[in-house]
Amino acid sequence: MKQGEVRVRIAPSPTGYFHIGTARTALFNYLYALKTGGKFYLRIEDTDKERSEKKYEEDILEGMKWLGFTYEPEVLRQSERGEIYGKYVRKLLEAKKAYYCFCSKELLDKEREEQMAKKMPQVYSGRCRNLSEGEIEEKFAKGERAVVRIMTPLMEITFSDAIRGEVKFDTQYIGDFAIAKNADGKTLEALYHLAVVIDDYETNITLVIRGEDHLANTPKQILIQEALDLPRPEYAHLPLILDEKRAKLSKRFAATALSDYRKEGYLPEAMRNFLTLLGWHPVDDKEIFTLEEIAAEFTLERIQKGGAIFDGKKLRFLNAHYLRSKSDVELAGLLEIEVTEQNCKKIAAVKERMDTLSQFSILTDFFDALPEYPAERLIWKKSDKETTGKNLLKISEIFNTNNNFSQAKMAIETYAEEEGRGEVLWPLRVALSGKEASPGPIEIMEVLGLAESQERVKKALKNLGF
RNA sequence: GCUCUCAUCGUCUAGCCCGGUCUAGGACGUCGCCCUCUCACGGCGAAAACAGGGGUUCGAAUCCCCUUGAGAGCACCA
């Protein structure tokens, strides 16, 4: 490792779809790597075999790609590193810095309840600390399984967090926590804290940027580092993303999955911009920026300490903004529709009216099929049935006598100026769209073509009784 | 319950470290006006916050303490 080289990582566990909070943690890590010229790693934390699933891992990979976060090609999977973890656990066991514990889950639960009742901190009693070699052998021989606990010395652990400053923990409130499970004397399965420490060490991670929910985990991981005589990385704990009730956004809710936003038609640039603003702010009042612009200015110091409520309205605003900045051809690609002249005209007509891609079909449905609508809708608020009919008749006549679009357009515009724009344009627009709200009539005509437009105007006249 | 963390408009936040320039700035949202055939876009404008109480100081959103509130962690999950 080069001296002073920055190495950060994102370490999601594939026990659910790529969470919006994980995406933001990834973003801040990525931003930091970009800013410092450091390396960004992805690590899959799938030590929990029961809950980890391949489809979730794939979702995470896809999400990273969608967001445009590139990472180093070496992706660690904890499920493949059991032997390495075992080596370290054994080292701890041999050094008497960790021990086997055979306490049953029931016993542990009971102890915890008692401690709770007595208003005591919930920590393991240390009962199995002094089990003799013989006793341990015997239990294993009988087929008993154990967990491995680290022997926690009584001390104060102080670490400096890049966002929160100095944080202190007293280890008496931590106790001997488990670092491995299912030990039968020969094999064992490493648990989260151990795996994290080992992996961060072996990949030379220099700065751990993660969610605030890990703040209280940090002293435990430091304890493992010290027992193993490993260097301590720096830490930066990000505030959490909250729901409207100010509780942590949970994976249990579908709307927290990044892929849901992608499916709904949000753009990655909008998502990145939004997630950045959720806890970080530049020096000036600028709020819309590219990844490169943010990275250039990004500093951990400007990260907010308090949790931020996820504001879907602002996300929509940002998305609408980015949607409008796209060209018609780009949008056709995003919408996965053919780049035809027709489609581009449709896109141009509704572009500034949609805030997610998924609205496109709703906004443009009337092009393909004129919806049923009440005849009264054709009458402008300041007008009446007679005038409306007269104007529609005139438009129909214009369609008959002009066989190219620009001629027809000019004739209609001239007529509208003479008769009053609302008197002409409103009924025409409703005749063409059937809707209260839609793009302008000329825009619609352009997509529909003269023949179809004439059809729809005739239909309107019929509905009105002309 | 124990431990830790946090606290400016409804929401995201600027300002706080280095007290006065803060009658507290911006953005989303809301409301109004303009533009306008409708909706949207765009433009202009309005309402809207320093959690409370004590200090320190000539002076506090900014520094200190307490209270209150909120959140997270306390697994043989990650």
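Proteins get letters first, then strands, A, B, ... in listed order; numbering begins at 1 in each. Only this structure's heavy atoms are used, side chains among them; waters, hydrogens and symmetry mates stay out.
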Mind checking A:G440 for me? I need base, sugar-phosphate or nothing, with any heavy atom below 4.0 Å counting as a touch.
-> base

Proximal nucleotide (of B:rG73, B:rC37, B:rC6) relative to the A:L425 side chain | B:rC37

Are A:F177 and A:Y124 an aromatic pair by the rule of ring centers under 6.0 Å?
-> no

Does A:K248 make a side-chain N or O approach to OP1 or OP2 of B:rA70 shorter than 4.0 Å?
-> no

For B:rA7 and B:rU67, measure between their C1' atoms and round to the nearest Å.
-> 13 Å

Heavy-atom nearest nucleotide on RNA chain B taken for A:K245 and for A:R353; more 5' hit belongs to A:R353

Measure from the side chain of A:K119, starting at C-beta and using heavy atoms only, and say which of B:rG1, B:rU13, B:rC74 lies closest.
-> B:rG1

For atom CD1 of A:I303 and atom P of B:rA14, their distance in whole Å = 11 Å

Taking the C1' atom of each, how far is B:rG55 from B:rA60, in whole Å?
-> 12 Å

Which of these nucleotides, B:rC2, B:rA78, B:rA27, is closest to any side-chain atom of A:Y192?
-> B:rA78

Donor-acceptor pair present, A:K314 side chain and B:rA27 base, under 3.5 Å | yes

Please work out if A:D109 contacts a base, only the sugar-phosphate, or nothing of the nucleic acid, heavy-atom cut-off 4.0 Å.
-> nothing

What's the closest nucleotide to the A:D311 side chain, out of B:rA27, B:rC41, B:rU11?
-> B:rU11

Spell out, as yes or no, whether a donor-acceptor pair under 3.5 Å connects the side chain of A:E202 to the backbone of A:D199.
-> no

Side chain of A:R246 (C-beta onward), nearest among B:rG71, B:rG73, B:rC76 | B:rG71

Look at all strands and tell whether A:T47 reaches a base, only sugar-phosphate, or nothing, counting heavy atoms closer than 4.0 Å.
-> sugar-phosphate

For nucleotides B:rG43 and B:rC35, find the distance between their C1' atoms and express it as a whole number of Å.
-> 8 Å

Ignoring backbone atoms, test whether A:T15 places a side-chain nitrogen or oxygen under 4.0 Å from the OP1 or OP2 oxygen of B:rA78.
-> no

Using a 4.0 Å heavy-atom cut-off across all strands, classify A:S104 as base, sugar-phosphate, or nothing.
-> base

Just name whichever nucleotide pairs with B:rC4, Watson-Crick or G-U, keeping both distances under 3.5 Å, else none.
-> B:rG71

A:R302 side chain near B:rG15 phosphate (N/O to OP1/OP2, under 4.0 Å) = yes

Scan A:H193 against the nucleic acid and name what it touches under 4.0 Å (heavy atoms): base, sugar-phosphate only, or nothing.
-> base

Hey, does A:A437 reach any base, or is it just sugar-phosphate, or nothing, if we go heavy atoms under 4.0 Å?
-> base

Does A:Q78 have a side-chain nitrogen or oxygen under 4.0 Å from the phosphate oxygens OP1 or OP2 of B:rA78?
-> no

Which whole number of Å gives the distance between the P atom of B:rC18 and that of B:rG42?
-> 42 Å

How is A:C103 classified with respect to the nucleic acid when contacts are heavy atoms under 4.0 Å: base, sugar-phosphate, or nothing?
-> base

With rounding to whole Å, what would you report as the distance between B:rA70 and B:rA51 at their P atoms?
-> 16 Å

Checking all strands, does A:E45 fall into the base, sugar-phosphate, or nothing category for heavy-atom contacts under 4.0 angstrom?
-> sugar-phosphate

Nearest nucleotide by nearest heavy atom, which residue falls closer to the 5' end of RNA chain B, A:H321 or A:E212?
-> A:E212

Determine the interatomic distance between C1' on B:rC34 and the same-named atom on B:rA40; round to the nearest Å.
-> 16 Å

Reckon A:R112 has a side-chain N or O less than 4.0 Å from the OP1 or OP2 of B:rA75?
-> yes

Before giving the answer on side chain to side chain contact (heavy atoms under 4.5 Å, CB included), spell out for A:V283 and A:E297 the whole-Å C-alpha distance, their side-chain angles and the decisive distance to 0.1 Å.
-> CA-CA 8 Å; A:V283 179; A:E297 229 194 297; 3.9 Å; yes

Is the gap between the ring centers of A:F298 and A:W280 under 6.0 Å?
-> yes

Sugar-phosphate, base or nothing in reach of A:R164, heavy atoms under 4.0 Å | sugar-phosphate

Residue set satisfying ring pair (Phe, Tyr, Trp, His ring centres under 6.0 Å) with A:F367, at least two apart, ordered chain then number -> none

A:V167 has a side chain; which of B:rG73, B:rU38, B:rC4 sits nearest to it?
-> B:rC4

d(CG, A:D213; C1', B:rA72) in whole Å = 7 Å

How is A:R316 classified with respect to the nucleic acid when contacts are heavy atoms under 4.0 Å: base, sugar-phosphate, or nothing?
-> nothing

Sugar-phosphate, base or nothing in reach of A:P239, heavy atoms under 4.0 Å | nothing

Parallel, tilted or perpendicular: rings of A:Y261 and A:F310 (30°, 60°) | tilted

Can you tell me how far the CG atom of A:L258 sits from the CG atom of A:L275, to the nearest 0.5 Å?
-> 8.0 Å

Determine, step by step, whether A:R353 and A:T364 satisfy the side-chain hydrogen bond (donor to acceptor under 3.5 Å, both in side chains) criterion, reporting the C-alpha distance in whole Å, the side-chain angles of both residues, the deciding distance to 0.1 Å, and the verdict.
-> CA-CA 11 Å; A:R353 291 173 173 79; A:T364 57; over 6 Å; no

Considering Watson-Crick and G-U wobble pairs with both distances under 3.5 Å, what does B:rA27 pair with?
-> B:rU11

